[in-house]
Structures are given as C-alpha cells and as structure tokens.
> 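My structure is below; once you've seen it, I'll send some questions.
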Amino acid sequence: MTVIDLDLHQNTEKASTPPALQLDGVRHSYGRTVAVDGVSVSVAPGEVVCLLGPSGCGKTTMLRIAAGLEALQDGEIRLAGTMVAGPGVDVPPERRGVGLVFQDYALFPHLDVLDNVAFGLTGWTAADRRSRAESVLALVGMNDYAAAFPHELSGGQQQRVALARALAPRPRVMLLDEPYSGLDARLRDRVRDEVLHILKASGSACLMVTHDSEEAMFMADRIAVMRAGRIVQEGTPVELYCEPVDAFVASFFGEVNRIEGVVHAGAVDTPIGNIPARGLPDGAPATVVVRPEAVTIQSWSSVFSDDPSGLVEQARLLGRTSLIHMTVTAPARPDRSVHLHARVPGVHLPKPGVRVRIQVDHAQTFVFAGG
Ligand code: ATP
C-alpha cells in the first residue's frame, strides 16, 4: 500500500479554518468514458469522509485526482485552502506530499519494517527518524516487527505497517483506497477499528473509498454515495440510512424488499398495508422499499385476521439475526401477495408452512416515485 500523506501543518482546527481537503466541480474522462461528472466533496480537519458506491462509479479516480496521480481535467483541488490543482495550477504529487493507500500495501520489499516507516521522513535527523518510526510502529502494535521484512509479515501486519508509514510524517490528510479489501473478515474488523482510532487520535482528515456500506458506516463521519460519476446523496451515516433520497441509496445500505404499486389517496396500497406516499400525486407509480429489519413477526391468530399475514417459506440463522422468507398476503385479498424478507434479532426460526402475523415499522419503510 502506498500512502498519500499531505503534510500540511499550517491549518488549525477552528470553525473558520478551510477544509483540509476540498474537491470542487471535478470532472474526468478516460477517452469517451466519463468517470467523474462534476463532483464536489470536502473533508474537514480530523474528519473521516467515505466515498461509497458500486464498482466503476468513479471513486478511485476521485482519490487519484486528489493525490495528483491523475491530471485534473476540470475543477479545483484545495489542501487547507491552498489550490493545488485548477486553472493554471498543477502542483505535482511529490510536492503535495501525496501517496495512495492501495489494497496491495506496496511496502518496499528490500527495506525492513522500520526503514519502510522511516522512508518518508526526509529532512529529519537519523535519531528523530528512528524514534518517530518506532513510536508510530508502537501505535499500530507492530514494534516487535521492526527488523522484519515485508515478505515475513501477514497481510494484516503489512497493512498496519503501511498505515504506520502513512502516519509517520503526521499528515493532515490521508487518502485510503479500499484499504481493508485484502483482509479476511475478522482481521478486517480489527484493523479497521485500529485505523479509526489512530485516525481520530492523530487528527488527520481522511478521504476513504469503499464499496462496502457497513465499512463506510463504521469509519465515516460523513458518507458521499456515488453512482455513475456523481454524488447521489451526502450526509451522516444516520441521515443516509434513515432518509435515503432514492431506492438506490436505500438498497446500498443492505438488502431491501421492494414492492411496486400506484399511489391512491396519498398512500400505496400493498399486501403489507397502506404505506403513506407523501408528496406523490394520485395515480403515480411508486416503489415501496422495506428494510427486512422493519418487518416484525408474531404468532398468527384469527384475532388479528385484519393484519397482513405471512406464510413462512424458509428461515435461516445468520448469526446475530435470523432471516425469514415469507409470502405475505393482503388481508381478505388472497390474490395479492408479495415475497418478503424479515430480519429478526437472535435465533428465531419458524418452520416452513407456519403462518405469522406481520407488522411493518414505517420509519424504515420508504416510498419513491417510479416503478
Ligand atoms: P472500483 O470500485 O471497481 O475500483 P471505482 O468506483 O473506483 O471502481 P474508477 O476506478 O474510478 O471506479 O473508474 C471509473 C470509470 O472509469 C470506470 O468506468 C472505469 O472503467 C474507468 N476507468 C478507470 N481508470 C481508467 C483508465 N486508466 N483508463 C480508462 N478507463 C478507466
């Protein structure tokens, strides 16, 4: 992993200070392919911002442009308020103090861990370089490996060394590109937890790229969801999860149930009940998006025969939750049914063929225009 370090010490963290990193109106094409189509995003000092989106939406291109590894075609880039790329300005990557955190670590194979970490500390005395490299290795829990070479380390260890190398010059901005994708699930959880704590303790601003929504929610103060070269929605993880602007954003934060319908008298009539469709005109086609965790199930009884009921098809334990597949039928309308997933906490595994009562939390149910 190569690391982008932007060693900009001049800004303080007062409210009036400019963003540590600011990309304004960035457009970028590769031949006829428009990779980034007018994106603006900024990262405040000490803030972690994630660019989240599916493969090919332009995330990595944004990072490479921020780093100066890709020549800016249109827009402006500022670091701590100073333009580094824009009309008539193009500060080369090495003068931005920039390096990318790639998934493949890219440690120098011929240098031991200590020298890898000390490598970027140019202009320091030998004693200061050693002492800084040792203390930052201790920060990532790798001080016992100072004399080891990269090929003697596991993927996660290499990742931590790369992180130490990035942090050593006390960067104001870090750019991370899918930094955990080479790690298995358990190691990834541990390393990203460490990285988050280290970033927050160091006060570095961080722009990180990922296609994994859970990772973005874990790491980010703010998330910008990208699609086809544009930002579709930007906000805190809570805003994006609880108030998605469209079905694409809603579905990016975990599997969802979709029910197509038509708005009638301010609501969409579905097998799971009438779902309010605020702001949509009568007759408009609409998509109802229901998070599986919005669906609760209870034992069915004829007392509740006015409520929607579901016929269990499958139930699977996924660990902390159980996923129940059902066919849900509208009350008194056996001709109207929908396949629905419910995600319930703990071990809850009703048998196939059992009828259950369905309730839906409208706070986790969204209605969007269009079928
Ligand atoms: P992934 O998550 O798969 O890395 P991404 O969101 O980071 O994807 P980019 O790598 O920025 O997306 O690519 C955006 C678009 O630009 C894609 O259509 C990609 O094929 C194209 N692209 C990226 N790099 C180049 C290149 N060097 N030459 C030509 N096209 C490119």
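FYI, the numbering just counts along the sequence from 1.
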> Between Val268 and Gly261, which heavy-atom pair has the shortest distance, and what is it?
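So the two residues come closest at CG1-CA, 3.8 Å.
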> At their closest point, which heavy atom of Asn274 faces which heavy atom of Ala267, and how far apart are they?
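Nearest heavy atoms, Asn274 then Ala267: CB-CB, 4.2 Å.
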> So Val328 and Val295, do their side chains get closer than 4.5 Å, heavy atoms only?
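Heavy-atom side-chain distance check fails, nothing below 4.5 Å.
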> In sequence, state the C-alpha distance, the side-chain angles, and the governing distance for Asp193 and Phe218, and then conclude on side chain to side chain contact (heavy atoms under 4.5 Å, CB included).
CA-CA 8 Å; Asp193 186 53; Phe218 184 92; 3.6 Å; yes
> Rounded to the nearest 0.5 Å, what separation is found between the CE atom of Met208 and the SG atom of Cys50?
4.0 Å
> Within the structure provided, determine whether Met142 and Val117 are in side-chain contact (heavy-atom separation under 4.5 Å).
no
> Mark yes or no for whether Asn257, through its side chain, and His341, through its backbone, hold a donor-acceptor pair below 3.5 Å.
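A pair under 3.5 Å: yes.
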> Partners of Arg192 by salt bridge (charged side-chain N to carboxylate O under 4.0 Å, His left out), sequence neighbours excluded?
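Salt bridge (charged side-chain N to carboxylate O under 4.0 Å, His left out) check on Arg192 returns Asp189, Glu214, Glu215.
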> Are any side-chain N or O atoms of Ser251 and backbone N or O atoms of Ala247, one a donor and one an acceptor, separated by less than 3.5 Å?
yes
> Is it the case that Arg258 and Thr287 place a side-chain donor and acceptor less than 3.5 Å from each other?
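Arg258 vs Thr287: no donor-acceptor pair found between side chains.
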> What's the shortest heavy-atom distance between Ser40 and Gly25, and which atoms?
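Taking every non-hydrogen atom into account, OG-N, 2.8 Å.
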> Starting from Phe253, walk the hydrophobic network (Ile, Leu, Val, Met, Phe, Trp, Tyr; side-chain heavy atoms closer than 4.5 Å) and list everyone else you reach, by chain and number.
Leu52, Met217, Ile223, Val225, Val232, Leu240, Tyr241, Val245, Phe248, Val249, Phe252
> Quick one: are Leu176 and Cys206 in side-chain contact, heavy atoms under 4.5 Å?
yes
> Less than 4.5 Å apart, side chain to side chain, heavy atoms only: is that true for Ile77 and Val26?
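Yes, close enough: below the 4.5 Å cut-off.
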> List the residues meeting salt bridge (charged side-chain N to carboxylate O under 4.0 Å, His left out) with Arg336, not counting sequence neighbours, and say none if there are none.
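Testing Arg336 for salt bridge (charged side-chain N to carboxylate O under 4.0 Å, His left out), a comparison that skips the adjacent residues, returns Asp269.
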> Can you see which heavy atom on Gly58 is nearest to which on Val36, and at what distance?
O-CG2, 3.7 Å
> So do Val48 and Leu199 actually touch side chain to side chain, heavy atoms under 4.5 Å?
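Yes, their side chains come closer than 4.5 Å.
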> Would the distance check show the side chain of Asp74 and the main-chain N or O of Arg27 forming a donor-acceptor pair, the cut-off being under 3.5 Å?
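No; judged by distance alone, with no hydrogens or angles, the pair does not exist.
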> Using modelled atom types and a 3.5 Å cut-off, is there a donor and acceptor pairing between side-chain atoms of Asn116 and backbone atoms of Phe108?
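Yes, the answer is positive, given that a donor and an acceptor are paired below the 3.5 Å cut-off.
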> Grab the two heavy atoms, one from Ala250 and one from Val289, that are nearest each other, plus how far apart they are.
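Here Ala250 and Val289 meet closest at CB-CG1, 4.0 Å.
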> Measure the spacing between CD1 of Ile65 and OG1 of Thr60 and express it to the nearest 0.5 Å.
11.0 Å
> Which residues pass the salt bridge (charged side-chain N to carboxylate O under 4.0 Å, His left out) test with Asp24, sequence neighbours left out?
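With sequence neighbours excluded, Asp24 shows a salt bridge (charged side-chain N to carboxylate O under 4.0 Å, His left out) to no residue whatsoever.
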> Counting distance only, does the side-chain N/O of Lys59 pair as donor-acceptor with the main-chain N or O of Met226 below 3.5 Å?
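No: the side chain of Lys59 does not pair with the backbone of Met226.
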> Under a single-linkage definition using a 4.5 Å side-chain heavy-atom cutoff for Ile, Leu, Val, Met, Phe, Trp and Tyr, are Leu114 and Phe149 assigned to the same hydrophobic cluster?
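Each belongs to a different hydrophobic cluster.
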> Return each pair, listed once, that meets side chain to side chain donor-acceptor pair (under 3.5 Å) where at least one residue sits in residues 136-149; pairs must be two or more places apart or across chains.
Tyr145-Gln157
> Only counting residues at least two apart or in another chain, list the ones meeting side-chain contact (heavy atoms from CB on, under 4.5 Å) with Thr236.
Val238, Glu239
> Ignoring hydrogens, what is the shortest heavy-atom contact between Pro271 and Pro308? Give both atom names and the distance.
O-CB, 3.4 Å
> Applying side chain to side chain contact (heavy atoms under 4.5 Å, CB included), run through Val209 and Met62 and close with a yes or a no.
CA-CA 9 Å; Val209 155; Met62 285 287 288; 6.0 Å; no
> Any chance CZ of Phe119 has more than 12 other-residue heavy atoms, nucleotides or ligands included, within less than 6.0 Å?
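No, CZ of Phe119 has 12 or fewer neighbouring heavy atoms, counting only those of other groups under 6.0 Å.
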> Could you tabulate the donor-acceptor pairs under 3.5 Å formed by side-chain atoms of residues 360-370, not counting sequence neighbours?
from	atom 1	to	atom 2	distance (Å)
Asp361	OD1	Ala363	N	2.9
Thr365	OG1	Asp361	O	2.9

> Which residues, ordered by chain and number, are linked to Trp124 in its hydrophobic cluster, where ILVMFWY side chains connect at heavy-atom gaps below 4.5 Å, directly or through other members?
Leu121
> To the nearest 0.5 Å, tell me how far Arg343 CZ sits from Arg291 CZ.
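So the CZ of Arg343 and the CZ of Arg291 are separated by 11.0 Å.
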> Taking transitive links into account, so neighbours of neighbours count too, which hydrophobic residues share a cluster with Leu349 at under 4.5 Å side-chain distance?
Leu317, Val347
> Looking at residues at least two apart in the chain, or sitting in another chain, which of them share a side-chain hydrogen bond (donor to acceptor under 3.5 Å, both in side chains) with Ser322?
none
> Contact between Leu207 and Leu63 at the side-chain level, heavy atoms closer than 4.5 Å - yes or no?
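Yes, close enough: below the 4.5 Å cut-off.
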> Starting from Leu311, walk the hydrophobic network (Ile, Leu, Val, Met, Phe, Trp, Tyr; side-chain heavy atoms closer than 4.5 Å) and list everyone else you reach, by chain and number.
none
> To the nearest 0.5 angstrom, please state how far the CD1 atom of Ile231 sits from the CG atom of Asp37.
11.5 Å
> Sequence neighbours excluded, which residues qualify as salt bridge (charged side-chain N to carboxylate O under 4.0 Å, His left out) partners of Arg222?
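With neighbours one apart ignored, the set is Glu47, Glu234.
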> Using a 3.5 Å distance criterion without hydrogens, assess whether the side chain of Gln158 forms a donor-acceptor pair with backbone atoms of Leu153.
yes
> Any donor and acceptor pair, going by atom type alone, linking the side chain of Arg78 with main-chain N or O of Gln22 inside 3.5 Å?
no
> How about Gln73 and Ser29: do any of their side-chain heavy atoms sit closer than 4.5 Å?
yes
> Less than 4.5 Å apart, any side-chain heavy atom of Ile358 and any of Met326?
yes
> Do Arg316 side-chain atoms and Leu323 backbone N/O form a donor-acceptor pair below 3.5 Å?
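Side chain of Arg316 to backbone of Leu323, a donor-acceptor pair under 3.5 Å: no, none is there.
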> Report yes or no: does Arg96 contribute a side-chain atom to a donor-acceptor pair with the main-chain N or O of Ala66 at less than 3.5 Å?
yes
> Rounded at 0.5 Å granularity, tell me how far CD1 in Ile272 sits from OG1 in Thr329.
12.5 Å
> Using a 6.0 Å cut-off, check whether atom NE2 of His264 has over 12 heavy atoms from anything other than its own residue.
no
> Once you round to the nearest 0.5 Å, how far does NE2 of His325 lie from CG of Leu340?
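Separation between the atoms: 11.0 Å.
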